[in-house]
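Here's the structure we're looking at; comments come further down.
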Amino acid sequence: MTLKQPWRQEIELLQNYNRHKTFTYTTTSSDAETAVDIAAVMEECNKISFVVELADAYVEFDGDASTSTMLVPQNEGYFDDSVWIHTKLSVKRSGSTNVRIRGILWGR
């Protein structure tokens with residue numbers, strides 16, 4: 001009797017996004033900064049996953065981060081697989097400590 005190995009089916013391995021971009025960005029000032037220029041690497045981002053390190057940060061998609069945008073606490077992250085981001089991922093530190101954001105984007 002031959003044992004069947006638990007190999008993944010081809011359909012399980014297919015990624016429906018043909019582009020991806022990994023990134024690590026550390027802020028250098030208290031202003032909003034572009035962590036990823038999405039328009040330079042893909043047409044649109046449809047899936048995103050990232051974590052914020054070193055301090056709390058404000059994050060904005062397709063605009064400049066400000067104190068009224070999404071606040072991500074230190075050592076926390078964000079994931080979305082139903083998103084549409086076209087131009088950039090912007091980050092702004094919430095205090096005096098520079099923040100590092102690292103993650104991956106998928107899109108087409």
Side-chain angles (χ1 to χ4, degrees):
M1 179 170 155
T2 305
L3 295 176
K4 185 175 179 181
Q5 297 296 324
W7 307 118
R8 295 278 188 192
Q9 298 292 320
E10 182 179 351
I11 194 69
E12 294 176 290
L13 299 175
L14 289 176
Q15 179 62 261
N16 55 347
Y17 305 111
N18 59 3
R19 294 187 183 264
H20 71 281
K21 168 72 174 153
T22 59
F23 62 92
T24 300
Y25 184 81
T26 304
T27 59
T28 58
S29 72
S30 61
D31 298 325
E33 301 177 34
T34 300
V36 181
D37 182 2
I38 295 169
V41 294
M42 62 183 68
E43 185 178 332
E44 64 185 37
C45 169
N46 304 114
K47 185 175 179 182
I48 185 170
S49 178
F50 66 82
V51 65
V52 172
E53 302 171 337
L54 307 177
D56 300 350
Y58 295 100
V59 178
E60 175 71 13
F61 306 142
D62 288 335
D64 291 329
S66 68
T67 57
S68 62
T69 58
M70 175 173 52
L71 175 64
V72 181
Q74 176 184 358
N75 297 326
E76 294 290 327
Y78 177 83
F79 171 82
D80 196 344
D81 63 353
S82 254
V83 68
W84 186 83
I85 309 168
H86 183 66
T87 57
K88 65 182 177 178
L89 173 69
S90 177
V91 63
K92 176 182 173 71
R93 67 185 193 200
S94 68
S96 60
T97 303
N98 283 322
V99 300
R100 182 172 48 231
I101 182 170
R102 64 175 78 219
I104 186 167
L105 308 163
W106 293 272
R108 58 180 191 90

Run Val91 and Val99 through side chain to side chain contact (heavy atoms under 4.5 Å, CB included) and show every step you take.
CA-CA 9 Å; Val91 63; Val99 300; 4.0 Å; yes
Remaining members of the apolar cluster that contains Phe79, side-chain heavy atoms under 4.5 Å
none
Would you say Val36 ends up clustered with Tyr78 if hydrophobic residues are merged whenever their side chains have heavy atoms under 4.5 Å apart, either directly or through other cluster members?
yes
Test item: Arg108 and Tyr17 side chains (from C-beta on) under 4.5 Å apart, heavy atoms:
no
In Å and rounded to the nearest 0.5 Å, what is the NE2 to NZ distance from His20 to Lys47?
12.0 Å
Any side-chain donor-acceptor pair under 3.5 Å between Thr26 and Asn98?
no
Looking only at heavy atoms, what is the nearest atom pair of Ile85 and Val83, with distance?
CG1-CG2, 3.8 Å
Residue among Leu89, Ile38, Thr87 satisfying side-chain contact (heavy atoms from CB on, under 4.5 Å) with Asp62
Thr87
Any idea which heavy atoms bring Trp106 and Ser49 closest together, and the distance?
CZ3-CB, 4.2 Å
Let me confirm one number: the CD-OG distance from Gln74 to Ser94, rounded to the nearest 0.5 Å.
9.5 Å
Test item: Glu76 side-chain N/O and Val52 main-chain N/O as donor-acceptor pair under 3.5 Å
no
If you compare all heavy atoms of Ser90 against all heavy atoms of Ala32, which two are closest, and at what distance to 0.1 Å?
OG-CB, 3.8 Å
Please work out which of the three classes, parallel, tilted or perpendicular, describes the rings of Phe61 and Phe50, given edges at 30° and 60°.
perpendicular
On a heavy-atom basis, which atom in Ala65 and which in Tyr58 lie closest, and how many Å separate them?
CB-O, 3.5 Å
Looking at Asp64 and Lys88, is any side-chain nitrogen of the basic one under 4.0 Å from a carboxylate oxygen of the acidic one?
yes
